Undergrad: 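Next up is a structure, given as structure tokens.
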Amino acid sequence: MALDKGKSELVYNGRKAQRADSRQRRKAILEATLRIIVKEGIRGIRHRAVAKEAAVPLAATTYYFKHLDDLISDAFTYFVEQNIDHTRALQEESVAVARQLTPEQLAAPAGRRQLIQQLSRFVLSHIRSQASNRDHRVIELAFKNEALRNHQLTRAVRMANQATENMIIEFFELLRLPDPVAAAQIAHGTILNLEFQILSGATAIDSPLLERTVAMMIKALIPPTVEAPADDQPCGATDKQFMRFTVT
């Protein structure tokens with residue numbers, strides 16, 4: 001599985017489909033698998049149940065996916081593939097926030113305050129958007145939990161998670177934070193926790209606590225002054241416009 005500037009090269013484990021009608025049937029099976037996960041969780045995935053949900057013969061599911069682990073793993077890969085555009089947009093929007101300010105503005109207290117306000121609004125909007133798509137979040141959590149038991153799925157989930165963190169790391173590198181990796185861990189963990197709090201009903205999606213938490217996180221991560229990039233590296237320039245990850 002790889003992401004490079006929004007282009008995907010995703011590896012599937014099940015039997016490949018050559019003809020257009022076969023590819024459509026295989027896609028229907030994977031989409032049916034995701035719908036079952038939303039309704040019943042991973043435990044609901046059985047060849048017969050998937051075939052019924054996809055309205056295909058039972059032989060079709062066993063033909064493309066001899067083992068359920070292949071079906072589960074490929075369903076996750078398909079899910080990631082469908083969300084690549086959103087992932088790319090997330091990175092581009094976050095980088096655009098920093099690019100709006102000149103290196104001199106980034107290094108000044110007033111620029112720092114502006115950056116914190118913009119980032120807080122962006123992150124808050126992202127959390128609310130993610131939490132509003134409940135089905136997608138249920139699917140993500142189901143795959144993550146299953147990855148603790150399914151070794152075939154473990155690496156795919158781990159690398160997809162790392163790809164998201166890599167984008168956050170790249171953003172913090174753009175701001176020249178002293179430890180962008182640790183900062184990414186804090187930001188990503190906080191975002192995932194707040195999404196879960198909303199999904200579980202513990203925190204309302206319009207709660208002031210949500211806004212205060214995001215603002216406090218951003219203020220803690222952005223230093224009082226930001227070092228201006230060198231003359232040969234203007235703000236926003238990077239050789240890693242989209243971090244690459246690979247699953248074999």
Side-chain angles (χ1 to χ4, degrees), residues 1-90 129-166 192 195-196 198-200 242 244-248:
M1 182 184 300
L3 290 180
D4 185 12
K5 296 185 179 179
K7 298 179 181 179
S8 63
E9 184 182 341
L10 305 177
V11 176
Y12 289 93
N13 296 295
R15 188 188 295 268
K16 304 298 185 294
Q18 304 300 327
R19 303 194 312 271
D21 58 339
S22 297
R23 290 194 295 271
Q24 188 61 36
R25 174 169 286 189
R26 193 180 191 282
K27 176 182 175 182
I29 293 171
L30 294 175
E31 291 178 342
T33 302
L34 296 178
R35 291 196 298 273
I36 289 176
I37 291 175
V38 172
K39 293 184 291 186
E40 304 179 41
I42 296 288
R43 68 181 181 276
I45 300 177
R46 297 291 184 269
H47 280 116
R48 192 174 298 278
V50 172
K52 181 179 179 181
E53 178 71 25
V56 300
L58 176 60
T61 63
T62 56
Y63 173 78
Y64 292 112
F65 307 100
K66 182 178 180 180
H67 304 290
L68 281 178
D69 282 355
D70 290 338
L71 176 56
I72 293 170
S73 179
D74 280 14
F76 174 73
T77 300
Y78 177 78
F79 177 76
V80 171
E81 185 179 44
Q82 301 311 301
N83 287 275
I84 284 176
D85 287 343
H86 174 76
T87 304
R88 183 182 64 237
L90 171 61
S129 174
Q130 292 287 92
S132 295
N133 197 336
R134 184 179 181 84
D135 286 357
H136 278 196
R137 304 292 75 77
V138 168
I139 291 171
E140 286 178 347
L141 290 172
F143 279 128
K144 288 180 178 179
N145 288 334
E146 179 64 16
L148 299 176
R149 296 180 291 268
N150 182 336
H151 294 298
Q152 184 169 313
L153 185 61
T154 299
R155 193 177 182 200
V157 170
R158 185 176 67 241
M159 299 306 288
N161 186 70
Q162 186 61 55
T164 299
E165 290 190 359
N166 282 345
L192 292 177
E195 288 175 4
F196 183 80
I198 296 173
L199 288 172
S200 65
F242 203 93
R244 178 176 300 176
F245 70 98
T246 304
V247 173
T248 56

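Computed from a predicted structure; not experimentally measured.
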Undergrad: Do we get Arg15 above Tyr63's six-membered ring, with its NZ or CZ under 6.0 Å from the centre and within 45° of the axis?
TA: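 Yes, a cation-pi geometry.
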Undergrad: Do Leu68 and Leu71 have side-chain heavy atoms sitting under 4.5 Å apart?
TA: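 Heavy-atom side-chain distance check passes, below 4.5 Å.
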Undergrad: Out of curiosity, Arg137 CZ to Gln130 CD, how far, rounded to the nearest 0.5 Å?
TA: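 Taking CZ in Arg137 and CD in Gln130, the distance rounds to 4.0 Å.
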Undergrad: Do Thr61 side-chain atoms and Pro57 backbone N/O form a donor-acceptor pair below 3.5 Å?
TA: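 No, Thr61 side chain to Pro57 backbone: no donor-acceptor pair under 3.5 Å.
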Undergrad: Using side-chain heavy atoms (C-beta onward) and a distance below 4.5 Å, is Phe76 in contact with Glu146?
TA: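 No - every pair of side-chain heavy atoms lies 4.5 Å or more apart.
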Undergrad: For side chain to side chain contact (heavy atoms under 4.5 Å, CB included), just list the numbers for Ile198 and Glu195, CA-CA rounded to whole Å, side-chain angles, deciding distance to a tenth of an Å, and then say yes or no.
TA: CA-CA 5 Å; Ile198 296 173; Glu195 288 175 4; 6.0 Å; no
Undergrad: Do the side chains of Arg43 and Glu40 get close enough for a salt bridge, i.e. N-O under 4.0 angstrom?
TA: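 Looking at Glu40 together with Arg43, the answer is no, because their closest N to O distance does not fall below 4.0 Å.
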Undergrad: Is there a donor-acceptor contact under 3.5 Å from the side chain of Arg48 to the main chain of Leu58?
TA: no
Undergrad: So, taking the atom named NZ in Lys27 and the one named CD in Gln82, what distance separates them when rounded to the nearest 0.5 Å?
TA: 6.5 Å
Undergrad: Quick one: which residue pairs count as a salt bridge (charged side-chain N to carboxylate O under 4.0 Å, His left out) with a foot in residues 57-80, not counting sequence neighbours?
TA: Arg26-Asp74
Undergrad: If I take atom CD1 from residue Ile45 and atom CD1 from residue Ile72, how far apart are they, to the nearest 0.5 angstrom?
TA: 4.5 Å
Undergrad: For a quick test of reading the model, state the closest non-hydrogen atom pair linking Ile37 to Ala142 and the distance between them.
TA: CG2-CB, 3.5 Å
Undergrad: What distance do Leu30 atom CG and Tyr12 atom OH have between them, rounded to the nearest 0.5 Å?
TA: 6.5 Å
Undergrad: In Å, rounded to the nearest 0.5 Å, how long is the span from CD1 of Ile42 to CG of Asn150?
TA: 8.5 Å
Undergrad: Identify, with sequence neighbours excluded, every residue that meets side chain to side chain contact (heavy atoms under 4.5 Å, CB included) alongside Ala32.
TA: Arg35, Val50, Glu53, Ala54
Undergrad: Determine whether a donor-acceptor pair (N or O, by modelled atom type, separation under 3.5 Å) exists between the side chain of Arg134 and the backbone of Leu199.
TA: yes
Undergrad: Do Thr154 side-chain atoms and Ala147 backbone N/O form a donor-acceptor pair below 3.5 Å?
TA: yes
Undergrad: Looking at every heavy atom in both Ser73 and Asn13, which two are closest together, and how far apart are they?
TA: OG-ND2, 3.1 Å
Undergrad: Using a 3.5 Å distance criterion without hydrogens, assess whether the side chain of His47 forms a donor-acceptor pair with backbone atoms of His67.
TA: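 Side chain of His47 to backbone of His67, a donor-acceptor pair under 3.5 Å: no, none is there.
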Undergrad: For the residue pair Phe143 and Phe79, categorise the inter-ring angle as parallel (less than 30°), tilted (30 to 60°) or perpendicular (more than 60°).
TA: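 Ring orientation, 0 to 90° scale: tilted.
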Undergrad: Evaluate the criterion side chain to side chain contact (heavy atoms under 4.5 Å, CB included) for residue pair Thr33 and Phe65; output intermediate values, then yes/no.
TA: CA-CA 12 Å; Thr33 302; Phe65 307 100; over 6 Å; no
Undergrad: Output the distance between atom CG (Asp135) and atom CD (Glu140), rounded to the nearest 0.5 Å.
TA: 11.5 Å
